[in-house]
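Hydrogens, waters and symmetry mates play no part in the numbers below; they use all other heavy atoms, side chains included. Remember, predicted model here, so these are calculated numbers, not experimental data. In what follows, chains carry the letters A, B, and so on, assigned in the order in which the sequence lines appear, proteins first and then strands, with residues in each chain numbered from 1.
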Amino acid sequence: MSVFPKARQNLRSSISAALSSASTPPTLRRVHALIITSGLGRSEYFVGKLISKYAHFRDLKSSLSVFRLASPANNVYHWNSIIRAFTHNGLFLEAIGLYSEMRGTGVPPDPYTFPSVINACAGSHCTIIGGVIHEHVLALGFRSDLYIGNALVDMYARFSDLVNARNVFDNMPARDVVSWNSLISGYSSNGCHEEALSVYYGMRKAGIQPDLYTVSSVLPTCGGLVAVDEGRILHCLAAKCGMDADIIISNGLLSMYFKFNDLVGAQKIFSGTEFRDSVSWNTMICGYCQLGLFEESIKLFRDMIKIFTPDILTITSILRACAQLRDMEFGKFMTNYMVENCLELDNKASNILLDMHIKSGNLEASIELFNGMECRDNVAWNSMISGYIQYGHHDEALRLFKMMKLRLKPDSITHLMLLSVSSQSRDITLGKQVHCETVKFGSISELCVCNGLIDMYAKCKEVDDSLKLFQNMNIRDVVTWNTVISSCVYHEDSDLGFKLVGKMRDDGLNPDKATFLGVLPVCSLLAAKRQGKEIHGCILRLGFESEVSVGNALIEMYSKCGNISSSIIVFKHMKARDVITWTTLISAYGMFGEGSKAVRAFMEMEKSGISPDPIAFIAILYACSHSGIVEQGLQFFHSMKREYNFEPRMEHYACVVDLLSRSGRVMQAEEFITSMPLKPDVSIWGALLSACHMNRCIEVADRISKRIIELDSDNTGYHVLVSNVYAALGNWDQVKMVRKSMKYKGMRKDPGSSWVEIKRKVYIFRTGDKVFEQSEEVYELLYTLNSSMTKQGYVPDLQCVLHNVGDDEKREMLLGHSERLAIAFGLLNTKPGSPLQIMKNLRVCPDCHTVTKYISSITHREILVRDANRFHLFRNGTCSCGDRW
DNA sequence: GTAGGGTTAG
């Protein structure tokens, strides 16, 4: 048969087309026969094609026979095809064997040889041969080849040799999506999630679009780390390729949405998932717990057990929910389930159980578990230390910390907890020691530790150190801001607190619940009405008014600012109330001398189903005492023991002493003290002394003063009180002695100061101030008022002057009391007839109290005075306290 | 691929 070149060309083309489209092994064999009969059996092209095509149908025997028949004329193309055929069919060792045979025949490999050989090394985990082949690549100068580079990155990644994977990757002159995917998958499958994510971001920055392989290596492990926007891009991509049906991807998405706190997103994924495995259920249950939705997580658990057997992860998550809900019955049930089903406790599970015991108030059980634990890691030690702290056993916590240090390196959380101990106990020495430790162990570089340090220094009144730390921070979070805002209570600086809230917002951070709970007490402290109102506005705008704790802080703020009607409005609008809400209201009534309203509120609280706690009893006892409701007060004290089984604390006893002695029953108060089961401390004697001082029970006061001095308290207030008692008794030698002892102890009497807010500005006056704005007019007004008062029968109470000077000088000194200066300044700068509000840091002195009554009547003004203890509303020559204070 | 300890406020 004569065949013209043209016709032969046509034949080749048609056979080639037939070969490519052969879709079944029999067709392939027919085309193969045709190739042989057409005399094309030795063609370089058809040999290679046939090898690949047979490999495609997993018929490696035929591939190899085609290859062997062509021998010894096999060229690099044939070798590449046969090696690739074996690699693609998972016969890695054979592929590697063929590669070494090829090198023995002297046929030089080309760039197309290597990807499949390298894949074979990766697949068979031949690390040494892999390294040798990498050397071949370098020796042959193929290091810039994209496909070889990708194969090498993938190989090293599979060997967990991330250093070499990274090296090859970094030296590649060009990279495609596969290169990036290989490195990402290398990191993520070796547990280096953060590195994987950072490579992913590098890829996005290089302008490479992620594909489904990217999604499958990023989503499952790094879903929780990825930023919200990127997460959504990955989700869209997965959905576009239908990958979200894959259980691993959908579980990754679930976890991701929970990390974004996007409950709706997670629920959509979960309800859209046809097949759920234990991971899907556990992720949902844990996710609910992370969002604080503990009841929901238990509900989900009940659904789950109908179709799935819970594992240790499910059980421990539910145990955590029980601990948070204090549902110990269900917790016990779950613990039993764990034992009955022989679910073994691993490290994490033991730690969860440990935490549950601590949270549920069972410190003994937690100690037993802790002592029996084989492997105690940082989390276990920290939990145990935190347990001791929660129960107030600070010494035990410190002892455990020392033991921990002998075995393990403490971490930032250990330090954070110790800082909280220092803050709580105002222990600057310990605080500074911990500060040194954080430097030594490097935990100071962590944001939360810096936050803890700011708080510690502020609470220990080292205000400058606290602010310095804050100013030197490069990164601040919402806790940093909240901490420094809250610390303004200790700086007594409401302006700063208010400014900081603004600056925080400039910094791009939104105030949260804790911000308001921090700044409102600052307003309360200084009776900063305007700021308080503005903060209230801010709370409404940001929708925090439904938070119970925020409502409580608002009630307190308004009442401390003298605006009890606003307190009541807030109280009435609250959707939910707790025992603190009621206690705050009761205290507010108490401060305003509205004892009977306080009693009514207490009863309403009980009726509404909220049980009083020991603090609520302090509030009601205080309110009764300040309104002279003695019998009912005593009844409350007894019912606390009888009906609620609370053992009275020192504060309760002090309230009762106050209640009795304030109403003149000094003898009964003394008897009560002797009958106390606790050893009376300085607060008890102080309460008695203070009442004696007011009631002028001179002998008793003298006796009690001696006792207080003996107790050697370091509380400045009691020393001042004793000194005042001696001054009133005219016992100036004793006054001198007390003052000397105070000086020796480094105590300083808080100077009396009062302040008044006029047209958005706060004016502060210190006792005896002579030079201030309008001082001449102020003193002139006080002199004028004095002469009117004297005509009406006012006699200055010279005992209120606590200095050993002549009577004229005493009269002069009374005139300069800070509350009087503030009142006079207020009278001068407000419209006639408008009400005035004055704040004083200490208690109002009896003479000023009398004077204010006169002033209210002479000037026809309503004057509200808030002192360290309570409110006095002066109107038409009377005071709301009924002269009981 | 899913689980644990901590800081501000009360």
Item to complete: May I have all residue pairs that pass ring-ring contact (aromatic ring centres under 6.0 Å, His included) and include part of residues 443-479 of chain A, sequence neighbours excluded?
Response: H435(A)-Y457(A), F470(A)-W481(A)
Worksheet item: When you look at CZ of F308(A), are more than 12 heavy atoms from neighbouring residues, nucleotides or ligands closer to it than 6.0 Å?
Response: yes
What is the nucleic acid contact for [X], judged by heavy atoms within less than 4.0 Å: base, sugar-phosphate only, or nothing?
X       : answer
I580(A) : sugar-phosphate
I249(A) : nothing
K513(A) : nothing
N552(A) : nothing

Worksheet item: Of the nucleotides dG10(B), dA3(B), dT2(B), which has the atom closest to the P521(A) side chain?
Response: dG10(B)
Report the distance from atom [atom1] of [X] to atom [atom2] of [N], rounded to the nearest whole Å.
X       : N       : atom1 : atom2 : result
L254(A) : dA3(B)  : CG    : C1'   : 15 Å
I535(A) : dA9(B)  : CD1   : C1'   : 14 Å
R320(A) : dT2(B)  : CZ    : P     : 15 Å
F544(A) : dA9(B)  : CZ    : C1'   : 12 Å
F516(A) : dA9(B)  : CZ    : C1'   : 12 Å
E547(A) : dG10(B) : CD    : C1'   : 12 Å
I485(A) : dA9(B)  : CD1   : P     : 12 Å
E556(A) : dA9(B)  : CD    : P     : 13 Å

Would you say the rings of [Y] and [X] are close, in the sense that their centroids are separated by under 6.0 Å?
X       : Y       : answer
H235(A) : Y257(A) : yes
Y288(A) : F294(A) : no
F270(A) : W281(A) : yes

Discussion item. Please tell me if Q290(A) has a side-chain N or O lying less than 4.0 Å from either OP1 or OP2 of dT2(B).
Written reply: no
Fill in: NZ or CZ of R302(A) within 45° of F330(A) ring axis and under 6.0 Å
yes
Dump the pairs, protein N or O against N or O of nucleotides 6-8 of chain B, anything under 3.5 Å, distances to one decimal.
residue: dT8(B); atom: O2; partner: N482(A); partner atom: ND2; Å: 2.8

Worksheet item: Do we see a donor-acceptor contact under 3.5 Å between the side chains of Q424(A) and S420(A)?
Response: yes
